Amino acid sequence: MKKNSLLLLVDDVPQNIQVLGAILKNQGYSFALTTSGKETYELLEKVTPDIILLDVMLPDSDGFSICENLKKTEATADIPVLFLTAKNDTHDKVKGFQVGAVDYITKPFEELEVIERVKNHLQAKLDRDQIKKHNKELEGIVEQRTNELLKKERETILAQFIQGVVHNIRGPISSALAALDLIQAMRDELNRKIDAGISKVELKVQLADVWEILELNNEVLRKMAGNLESMLRKSRTDQIQEHDVYDLNELINQELEFLDVDLKFKNQVTKTINLSNHKLPVFVSQGDIAQVFENLIKNAMDAMHKTSNPKIIIESGSANEFHWFSIQDSGSGIPADIINKIFDPFFTTKPLKSDPTQLNPEPIGTGIGLQFCKRTIVANNGKIEVESEPNQGAKFTIFLPAYH
Ligand SMILES: Nc1ncnc2c1ncn2[C@@H]1O[C@H](COP(=O)(O)OP(=O)(O)OP(=O)(O)O)[C@@H](O)[C@H]1O
Ligand SMILES: [Mg+2]
């Protein structure tokens, strides 16, 4: 401890410097010396001592205002300051504490007192530094782990997305193929009838049937092309992370269109969409909002996993310089004793794995969805609120600053 820690002694009285210097040297401490306020500030630009012993009276300023300044400056605020005060000067001792000192050392110096006080405060400072360092390391680990999980999450979403695309295209393609089979069969029949001498009127009727089937096929193909277009747009906007001005209503509509690749969301959930009639301009990254929206919908769907009549209400509006949107579900709701924890990283009530052979497998979770949502929304100067009554489902509302 003594070898690596640095003390700063601020005093201009040669006798004090001599006595204190000798005591500290005997203890094996390294120390720097300054004799004025100006010198002290200059030195602190270059080095950060572990403890400062500060005299009350200096030629260019008093120790109290120096201490006050150090406490106000982020780089020096954590350095413990001990004042050098006269033994009977209660006023100076009290004033020292008021401006942020941790302790005082009285003059004339008592060697043992100096040694003990310096040792204790130095140790306390080093302990605090150690804790800070550990906390930083832990934060780093949490961040790294969160990023890994987010990556995995995105890979899962990608896999689901591809499944959705396949589902969405397989249906229309099969019906288009079936229609073509039918037309082929009709062609054979028509050829037979033409050979047998079909009337003009009958020919027209037969052809009208063919045109009708072709028209239907056209419709199916157009819809499919539209779906593909929307999915492509979505996959592009997912990569766009730049901020721009968007109408919140438009973002919601695009997301809803995209979410229709989830057939359960598309067909089995009653959706009530109640968007504001006004434009709701916000300055955001489209990909961010899309991910927040998807996380909230995914949570709502998970919460309605066992609900017989699943319902989702999506609304938007404006209030007090904010534009907002909300997603409300009719699922299991959030118990009061966990509602304060749901935004914590890795807090989840869902299993990490479920049995995929089950017909309706339990929804799984890692507990990063809401923490991601909160972080993203707060980074956009917005806020996220939750309301939930037991067994009445949950409602999440996202507020974003209105863009003018
Ligand atoms: N709409 C909701 N209804 C009921 N409970 C919810 C709802 N949304 C979130 N929760 C609760 O909050 C917890 C944390 O949600 P969060 O989205 O952070 O993680 P997760 O959904 O469990 O896992 P992940 O999102 O990482 O897959 C959930 O496990 C669930 O208990
Ligand atoms: Mg979630």
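By convention here, the first residue in the shown sequence is residue 1. What you are looking at is a predicted structure, and each value in this text was computed from that prediction instead of being measured. One-based numbering, in listed order, for ligands and for the atoms of each.
- Note: no N/O pair closer than 3.5 Å links Ile338 and ligand 1 by distance alone.
- Of all atoms in ligand 1, listed by their number and element, those nearer than 4.0 Å to a heavy atom of Ala394 are 1 (N), 2 (C), 3 (N).
- Where the criterion is an N or O separation shorter than 3.5 Å, residue side chain and backbone included, Gln371 fails it with respect to ligand 1.
- Residue Phe343 does not touch ligand 1, judged by heavy-atom distances below 4.0 Å.
- The protein heavy atom nearest to atom 22 (O) of ligand 1 is Thr348 OG1, 2.5 Å.
- Shown are Thr376, Val284, Ile398, Ile252; of these, the side chain to side chain contact (heavy atoms under 4.5 Å, CB included) with Ile289 is made only by Val284.
- Atom 11 (C) of ligand 1 has Ile342 CG2, 3.9 Å as its closest protein atom, hydrogens excluded (heavy atom only).
- The single protein non-hydrogen atom nearest to atom 26 (O) of ligand 1 is Thr366 OG1, 2.7 Å, given as residue, atom name and distance.
- For ligand 1, the polar-atom distance check against Gly367 finds a nitrogen or oxygen pair separated by under 3.5 Å.
- The pair Glu148-Lys152 does not meet the salt-bridge criterion, since no charged nitrogen lies less than 4.0 angstrom from a carboxylate oxygen.
- Salt bridge status for Glu68 with Lys71: absent, with no side-chain N to carboxylate O gap under 4.0 Å.
- Salt-bridge formation is not detected for the pair Glu110/Arg117: no Lys NZ or Arg NE/NH1/NH2 atom is positioned less than 4.0 Å from an Asp or Glu carboxylate oxygen.
- The local environment of CG in Asn391 is sparse, with at most 12 non-hydrogen atoms from other residues, nucleotides or ligands closer than 6.0 Å.
- For Ser316 (side chain) and Ser276 (main-chain N/O), a donor-acceptor pair under 3.5 Å exists by modelled atom type.
- For atom 21 (O) of ligand 1, the nearest protein heavy atom (residue, atom name, distance) is Lys350 NZ, 2.6 Å.
- Under 2.8 Å from the Mg ion (ligand 2) lies no N/O/S atom of Asn295, from backbone or side chain alike.
- Taking any N or O of Gly365, backbone or side chain, none lies under 3.5 Å from an N or O belonging to ligand 1.
- Ion pairing between Glu42 and Lys38 holds under the 4.0 Å rule for side-chain N and carboxylate O.
- From the protein, the heavy atom lying nearest to atom 29 (O) of ligand 1 is Thr349 N, 2.9 Å.
- Scanning the protein heavy atoms around atom 14 (C) of ligand 1, the nearest turns out to be Phe347 O, 3.3 Å.
- Comparing heavy-atom distances from atom 8 (N) of ligand 1 across Asn295, Asn299, Leu150 singles out Asn299 as nearest.
- Checked against Glu116 for a side chain to side chain contact (heavy atoms under 4.5 Å, CB included), the options Asn120, Val114, Val118 give a single hit: Asn120.
- Taking the ring centroids of Phe64 and Phe83, they lie under the 6.0 Å cut-off.
- Applying the 4.0 Å criterion to heavy atoms of Ala303 picks out, from ligand 1, the atoms 2 (C), 3 (N), 4 (C).
- Summary of contacts: the protein heavy atom closest to atom 15 (O) of ligand 1 is Leu370 CD1, 3.6 Å.
- Protein heavy atom nearest atom 27 (O) of ligand 1, with residue, atom name and distance: Lys298 NZ, 3.2 Å.
- Atom CD of Gln15 has 12 or fewer heavy atoms from other residues, nucleotides or ligands within 6.0 Å.
- Salt-bridge check for Asp129 with Lys125: passed, with a basic side-chain N closer than 4.0 Å to an acidic carboxylate O.
- Here's the thing with Asp329: one of its N/O atoms is less than 3.5 angstrom from an N/O atom of ligand 1.
- Between Arg128 and Asp78, no side-chain nitrogen of the basic residue sits less than 4.0 Å from a carboxylate oxygen of the acidic one, so the salt-bridge criterion is not met.
- Remark: distances from the non-hydrogen atoms of Phe372 to ligand 1 are all 4.0 Å or more.
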